[in-house]
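So the structure is just underneath, and the comments pick up after that.
Fair warning: this is a prediction, and the values are worked out from it, not measured in the lab. Reckoned from all heavy atoms, side chains included, excluding hydrogens, waters and symmetry mates.
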Amino acid sequence: MGNAKTKMSALKLLKRTSQASHKEGFVANQNLNGGYNPRLLVTLLLSLAVFLFLLAMFDKKFRASEADKLQEQANQRLSVYQNSLLTSIEQYEFLPAVLSADPRILHALAEGSQISESSPLLSQINDRAGSDEIFLMNKDGRTIGSSNYLSATSFVDQNYAFRPYFKIAVEGGLGLYYAVGATSGKAGLFLAEAVLVDGSIAGVIVVKISLAALENSWLQSGEKVWLSDEFDIVFLSYDARWRYLGLRPLSPENKKLIAATKQYGTKEIELFSRKDDNSKYSSVTLADKSEYVIFQQSIENLGWKISWLYSKEKLTNAVNLKKMYLFSFYVFLIISGLWLRERVSSAQTKKHLGQLIQQSEEHQRAIIENTDAGLIVLRNDGITTFINPQAKLLFRLQDDSLPDLQLLISPWQGIHATLRPSDATGIRTDGSKVPILVSTSAIGITGEHEYLVTIHDVSELKSAQLNLLKSNDELEQRVIARTQELRRAENELNQSQRLASLGRMSSAIAHEINQPVTALSSYAASSELLLQRSEHEKVALNLTKIKGLIDRLSYISRQLRMVSGKRNTGLSTIRILPVVQYALDVLKTKTELLKVKVNIDVGEFDEAQGNSMMLEQVVVNLLSNALDALINKNAREISIRSRVGAGLRLTIEDTGQGLSAGDLAHIFEPFYSTKNIGEGLGLGLAISYSLVTDMGGMLTVSSEVEKGTAFNIDLVSGSEALHKNNSAVSDLITADATDATDTNEGTSKILGGTVEG
């Protein structure tokens with residue numbers, strides 16, 4: 001009975017854990033098959049890019065195909081318009097031949113070259129025929145009779161021998177010629193026929209007809225049609241604006257011919273903006289910026305072309321519509337393919353999910369049976385419903401009974417979910433105890449809650465922690481001992497450095513003081529002898545020299561106090577340019593003697609927080625050192641410049657001998673000098689460093705041997721100082737100066753960031 005209950009509880013736990021695994025597996029597979037798939041997305045994007053590329057590649061072919069379709073439509077329309085044109089011409093084509101045989105016309109020409117009486121007859125015939133004008137010319141081209149003889153623009157007595165239709169008629173052909181009237185200014189089609197008298201040409205009869213009705217029909221129908229001659233000049237058009245414009249440039253000969261015959265008046269022929277895109281169809285841009293494709297049809301025997309214009313925008317829209325159809329079809333194929341893929345993928349997912357469920361159940365069963373942790377399932381009332389083999393082994397349970405958990409775990413926290421494991425003691429059936437970690441989590445289905453208690457034996461972990469603590473204590477003791485050794489070594493090193501620095505300082509002080517003291521002793525002894533000899537004047541001279549030596553000793557003492565003592569800076573906002581000018585005035589004689597070129601790049605209104613007298617002394621010291629460094633150089637140049645940024649930087653740079661890395665490490669130490677003994681105390685730079693520090697700034701140096709040295713004075717800018725309290729700034733500067741000059745090691749750190757090796 002106990003075994004059956006245990007198995008049932010295990011199966012319930014297996015079912016719950018399996019359901020959770022099934023859900024996770026389903027979500028994973030759903031993401032795998034139906035979610036974001038980078039490879040599929042890349043494939044779709046690439047196929048779309050290829051498709052769009054092909055559409056762009058075949059754009060010209062699409063346009064040509066659409067234009068070919070339009071050409072068929074244009075041929076039908078142009079054939080109708082051509083027939084209408086030819087009909088309009090043919091109904092008058094016979095008239096010149098009929099009139100050339102009329103006896104009255106022959107009689108008028110027989111009278112000679114004088115103005116004939118044929119004008120009323122021609123006017124009467126013109127009215128009946130419905131033509132525009134009819135006129136008669138003699139063989140010289142002079143008009144001897146015209147239907148408009150009564151109008152102000154009468155052709156009578158006008159010579160039109162220059163017109164091509166006259167020349168063609170004289171040569172025996174039908175002179176058919178479209179032109180603007182040379183006299184009336186009205187355009188029309190001229191039909192000319194030679195008049196024979198006794199077998200020889202006596203004159204030419206001309207019928208002029210208007211084609212304006214044809215243009216009006218085009219305009220009324222909304223069709224864009226025009227006629228062009230053999231020179232591609234438009235002479236009839238649906239829109240009067242396009243008359244007498246050329247579709248191509250004229251050769252010089254044709255230009256002369258048109259000008260001589262005055263075919264289209266006296267104005268120069270202008271051109272359309274025409275475009276040939278390497279296809280059999282060309283386009284033209286009209287004055288209103290609209291573009292049209294031209295479809296043409298030649299008119300036999302006349303040498304003319306009739307053209308039908310189709311909006312290029314409409315053509316482009318038609319091509320784009322075709323592209324849209326293709327793109328829609330492509331999208332349909334893609335969507336269909338994705339739908340089929342999803343159907344196949346869904347079937348595969350269901351199959352795979354079934355396999356995962358089976359594997360998950362087997363896996364969960366193996367976990368429960370073989371896990372290293374003890375697993376115990378409790379009901380809401382605290383009754384144990386399941387215990388796995390590891391928990392039985394941990395508590396040394398001998399049978400399959402389900403024990404009371406309160407007897408196995410001390411202290412027992414009760415039935416509630418814990419966020420993290422808690423320490424407890426496991427009580428075995430044999431009375432022994434073992435340290436354990438216990439965590440509880442709620443499980444259950446259909447609103448029925450149970451709790452899974454997870455138990456870990458931490459005996460080995462506790463033992464390892466004790467060993468680790470012991471090792472940590474030992475290591476800590478070793479670190480303390482090593483740290484003490486390092487501190488002793490560091491103190492010894494600092495002591496050695498201080499002794500070395502003190503030795504250099506003592507040597508320099510001894511040298512500087514021993515000379516005056518020796519001289520004082522000598523002068524004192526000499527004065528005693530002189531007093532015994534009553535040579536008072538020489539004694540007075542010795543006293544003067546003694547006073548000078550005492551002054552020198554006093555000067556050395558003051559310099560030492562300036563290095564070591566603190567000063568009342570009295571900081572305020574000062575201008576930099578006057579300080580630089582003062583220092584240059586002090587050293588003017590030395591600068592001129594050495595012929596040094598001084599470059600000044602200091603802003604007139606550059607300001608900083610400082611003390612003008614202290615800054616003047618610093619600048620004088622730095623300029624004096626720069627001049628000394630230039631004594632043995634051919635190129636002698638000093639640059640003084642200021643830059644305002646986070647603070648103010650004043651730079652004094654020379655082209656002198658430069659300093660070595662060894663000199664740079666000690667350059668601001670008292671009594672350290674690169675000059676020969678007796679040429680200086682070695683206190684100038686130490687004093688300058690101390691003065692700049694007292695002003696809340698920093699003095700740094702960079703140098704390169706044989707190339708020169710640059711000293712940088714960094715101060716708080718004037719604008720920055722306005723936002724600070726002077727007393728607080730003074731305290732801060734004093735503290736910084738103390739920290740900066742506390743030890744030689746601190747000085748080295750300040751120099752280390754700016755010295756260039």
Side-chain angles (χ1 to χ4, degrees), residues 71-72 74-101 129-135 137 141 160-181 186-196 201 204-218 223 225-238 242-248 250-251 253-254 257-258 260-264 269 280 282 294-309:
Q71 182 67 68
E72 296 178 3
N75 289 338
Q76 295 175 359
R77 297 192 180 193
L78 291 175
S79 295
V80 174
Y81 297 138
Q82 185 174 163
N83 290 334
S84 178
L85 171 65
L86 294 176
T87 300
S88 299
I89 296 174
E90 286 172 356
Q91 65 179 341
Y92 291 99
E93 190 175 5
F94 70 94
L95 188 55
V98 172
L99 292 176
S100 66
S131 55
D132 195 40
E133 300 293 348
I134 300 176
F135 55 97
M137 295 184 291
Y160 299 119
F162 64 89
R163 291 289 199 179
Y165 59 78
F166 176 80
K167 297 178 181 178
I168 294 172
V170 169
E171 292 174 357
L174 174 63
L176 193 147
Y177 185 71
Y178 188 92
V180 175
K186 295 180 180 180
L189 181 62
F190 295 85
L191 304 174
E193 188 83 25
V195 180
L196 301 177
I201 296 175
V204 174
I205 185 73
V206 182
V207 177
K208 178 183 179 184
I209 61 175
S210 174
L211 299 178
L214 199 61
E215 284 184 314
N216 289 333
S217 68
W218 296 341
E223 295 285 355
V225 183
W226 66 38
L227 273 174
S228 56
D229 61 13
E230 65 272 21
F231 304 121
D232 278 341
I233 298 174
V234 175
F235 61 88
L236 280 182
S237 173
Y238 70 96
W242 319 139
R243 289 188 200 140
Y244 316 131
L245 296 180
L247 293 168
R248 60 180 171 84
L250 296 171
S251 66
E253 294 78 8
N254 292 337
L257 176 62
I258 292 173
T261 59
K262 300 179 182 179
Q263 183 176 4
Y264 301 117
I269 302 298
K280 57 183 178 181
S282 60
I294 303 175
F295 297 96
Q296 292 182 331
Q297 196 175 81
S298 298
I299 302 176
E300 296 181 2
N301 301 325
L302 295 179
W304 297 346
K305 294 177 183 176
I306 185 167
S307 302
W308 180 58
L309 280 67

Do the rings of Trp304 and Tyr178 sit parallel, tilted or perpendicular, given the 30° and 60° boundaries? perpendicular

Above 12 or not: heavy atoms from other molecules or residues under 6.0 Å from CG of Asn301? no

Nearest 0.5 angstrom please: Tyr165 OH to Glu193 CD, how far? 14.5 Å

Closest heavy-atom pair and its distance - Ala192, Val204: CB-CG1, 3.9 Å

Which residues share a ring-ring contact (aromatic ring centres under 6.0 Å, His included) with Tyr92, sequence neighbours left out: none

Rounding to 0.5 Å, atoms OH (Tyr177) and NZ (Lys167) come to a distance of 9.5 Å

Would Tyr160 and Phe135 count as a ring pair (Phe, Tyr, Trp, His ring centres under 6.0 Å) here? Give the steps. CA-CA 11 Å; Tyr160 299 119; Phe135 55 97; 5.8 Å; yes

For Ile209 and Ser131 the tightest heavy-atom approach is CG2-CB, 4.1 Å

Decide yes or no on side-chain contact (heavy atoms from CB on, under 4.5 Å) for Ile201 and Leu196, but give the supporting numbers first. CA-CA 4 Å; Ile201 296 175; Leu196 301 177; 3.5 Å; yes

Would you call the rings of Trp308 and Phe295 parallel, tilted or perpendicular if under 30° counts as parallel and over 60° as perpendicular? tilted

Is it true that, when you exclude Glu300 itself, more than 12 heavy atoms of the residues, nucleotides or ligands shown sit nearer than 6.0 Å to its CD? no

Any chance you could measure Leu85, atom CG, to Leu227, atom CG, to the nearest 0.5 Å? 5.5 Å

Might you work through the side-chain contact (heavy atoms from CB on, under 4.5 Å) test for Gln263 and Phe235, ending with a clear yes or no? CA-CA 10 Å; Gln263 183 176 4; Phe235 61 88; over 6 Å; no

Are the side chains of Arg163 and Met137 in contact, using a 4.5 Å heavy-atom criterion? no

Once you round to the nearest 0.5 Å, how far does CG of Asp232 lie from CD of Gln296? 6.5 Å

Pairwise distance CG(Leu245) to CH2(Trp226) - rounded to 0.5 angstrom: 8.0 Å

So, using side chain to side chain contact (heavy atoms under 4.5 Å, CB included) as the criterion, who are the partners of Leu257 when residues are at least two apart? Phe231, Thr261

Quick check for you: to the nearest 0.5 Å, what is the distance between Ser100 atom OG and Leu95 atom CG? 9.5 Å

State, with a plain yes or no, whether a side-chain heavy atom of Lys186 is found less than 4.5 Å away from one of Lys208. yes

Give the minimum heavy-atom separation between Gln297 and Gln82, together with the two atoms involved. OE1-NE2, 2.7 Å

What heavy-atom pair brings Leu78 and Ser307 nearest, and what distance separates the two atoms? CD2-C, 3.7 Å

Indicate the atoms forming the closest heavy-atom contact of Ala169 with Ala194, along with that distance. O-CB, 3.2 Å

Which heavy atom in Ile258 sits nearest to a heavy atom in Leu250, and how many Å separate them? CD1-CD1, 3.9 Å

Are the side chain of Ser84 and the backbone N or O of Val80 linked by a donor-acceptor pair below 3.5 Å? no

